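Down below is the structure, laid out as structure tokens.
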Amino acid sequence: MTTVSSGAAVVADAVIPAPVETEPGEGVLDLATVTVDAPDAVLARLAGELLVAAGAVVADAGAPVVLLLDPAAGPEAAQSTERYTLTVTPDGVTVAAPGRAGLLHGVRTLRQLVNARRGETGGPVEVGAVVVRDAPRYPWRGLSLDVVRHWFGPADLRAVVDLVGSYKMNRLHLHLSDDQGWRLEIPSRPALTEKSSQGAVSGATGGFLTADEYRELQEYAAEREVVIVPEIDVPGHVNAATHAYGELMPSGEPTDAYDGIEVGFSKLHLDLPATEPFLRDVFTDVARMTLGPWVHFGGDEVLVMQPEEFGRFVVLCQEIVTAAGKTPVAWQEAAGSAHGDQAAVAALAASGAAPAPGAAEAPGADGPSLVEPGTVLQYWDTRPDPAPFVRAAQAGARFVMSPADRAYLDMKYTPEHPLGQQWAAFVELHDSYDWDPARLVEGLPESAIEGVSAAIWTETLASRADLFSMLLPRLAAVAETAWSQPGAKDWESFRARVAVEAATWRRDGDAYHPTPQIDW
Ligand code: TNX
């Protein structure tokens with residue numbers, strides 16, 4: 001980070017994720033009253049809202065905040081379409097960017113600069129003169145959110161969109177089906193939500209997005225340059241589906257509803273006549289209802305299926321999603337890796353279930369990869385042998401990195417933490433900050449890495465406060481790992497910036513965990 005500090009300039013102490021380049025100037029701009037000028041009315045409204053949140057008033061005659069499209073904006077040589085240049089002088093603000101994402105990012109940076117000067121007690125709404133030139137390291141910077149184990153409805157989801165957007169993250173991946181519930185209306189398969197949407201873990205109340213609510217959420221996110229990535233998890237994690245449709249079971253009988261938190265016990269059966277039509281109906285509907293280019297078909301933790309059948313599911317789901325016009329996304333197992341927790345696999349096999357995949361016999365383990373070029377694999381379990389991932393990358397797969405011991409924000413901060421799980425690690429703020437996505441998987445070329453996603457599973461998280469207290473402050477750490485170049489990251493600087501940003505969380509009433517790693 002080429003940051004030069006000067007007097008009151010607090011750029012280096014304010015902006016998360018750390019920008020590429022900042023150059024403090026002379027003087028201060030009063031932003032108590034602003035006039036926003038933007039290429040379209042939506043951008044003008046959103047920029048106004050961000051500045052109002054920072055304490056400004058939007059009026060016809062205030063300090064000019066001008067958003068303008070400019071292909072030359074951003075750091076020299078930056079290629080990302082999300083790059084921007086923010087210029088503050090004592091006379092006004094200009095945000096220049098080649099596209100609307102960069103314009104929003106510039107305003108998000110400005111919001112943090114104002115917040116940093118304003119502090120807790122509501123000091124003057126102003127910003128020091130500065131030029132910030134910025135661009136992301138990776139194109140995919142996201143959060144994966146489980147809305148099955150506990151249900152989070154449209155208002156919570158909009159709050160999450162705002163949160164991820166504020167740290168310049170641009171994907172919200174929603175885990176919409178699992179053993180405990182089905183959370184998205186599927187017009188061709190109405191029983192999924194009629195029969196399987198009301199449950200959740202430990203008898204909690206479920207819910208689902210209607211097709212209209214799903215569209216509205218995607219539009220809300222798209223305005224903020226956040227793409228919703230829907231996940232329907234198959235061929236495991238499917239008890240909500242087999243509860244709704246008995247034809248998906250060899251017995252023809254629907255399975256019982258499930259409100260526990262075990263994983264890996266349920267599965268579809270590819271050789272039943274009902275299975276492929278079910279997959280085609282569901283994924284074709286989801287693709288039709290989805291504005292963004294991706295559909296996630298899951299593929300994780302099928303602990304009770306033969307590798308050969310699992311491989312055929314992977315091939316079929318890629319084909320269906322692609323035929324529906326979307327790019328497939330799947331968990332890392334689709335590369336043919338073994339499940340990392342061999343003890344769990346053995347226990348399930350011993351319980352009478354079918355033998356589970358082992359590393360040697362997993363599909364694609366030593367033959368050609370089953371993954372098609374362009375398919376996005378989400379890496380989460382750091383235990384398996386990396387060879388299948390390297391082969392998938394050679395076959396053209398793209399990788400989104402969600403290492404559970406760093407980026408799973410449902411992991412407890414410490415052994416004493418009241419919420420969360422601990423199977424992967426205790427993940428304190430420093431753990432979620434101090435890692436490099438390009439150095440996780442031995443032999444995986446950096447060019448195969450599409451980006452980074454934090455993930456939060458909600459077995460133990462029942463309210464928005466639970467959720468946010470696990471996300472904050474760690475989401476900010478993952479956001480910086482996804483956006484900022486390794487050389488721009490600095491733990492001490494990050495600690496200071498988190499303490500500054502916390503004023504915003506307190507003002508907005510957002511729950512966060514007051515980790516002792518920060519001088520709050
Ligand atoms: C593993 S991560 C899962 C989820 C659980 C999570 C809990 C992944 C692809 N599968 O089903 O909710 O652990 O941390």
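Treat the numbers as computed from the prediction; the structure is a model and nothing was measured. Values below: all heavy atoms of this structure, side chains included; hydrogens, waters and symmetry mates excluded. Whatever order the structure lists them in is the order used to number ligands and atoms, beginning at 1.
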For this session: Inspect the contact between Glu231 and Arg171 and indicate whether a charged nitrogen and a carboxylate oxygen are less than 4.0 angstrom apart.
Result: no

So CD of Glu276 and CG of Asp271: to nearest 0.5 Å the spacing works out to 10.5 Å

- Message: Please determine whether a side-chain nitrogen of the Lys or Arg among Glu82 and Arg141 lies less than 4.0 Å from a carboxylate oxygen of the Asp or Glu.
- Response: yes

Interatomic distance, CD@Gln378 vs CH2@Trp140, rounded to 0.5 Å, equals 7.5 Å

Residue set satisfying side-chain hydrogen bond (donor to acceptor under 3.5 Å, both in side chains) with Arg288, at least two apart, ordered chain then number -> Asp285

Sorted by chain and residue number, the residues having a heavy atom closer than 4.0 Å to an atom of ligand 1 are Arg149, His237, Val263, Asp300, Glu301, Trp331, Trp380, Tyr408, Asp410, Met411, Gln421, Trp423, Trp457, Glu459

For the rings on Trp380 and Trp457, is their centre-to-centre separation under 6.0 Å?
-> no

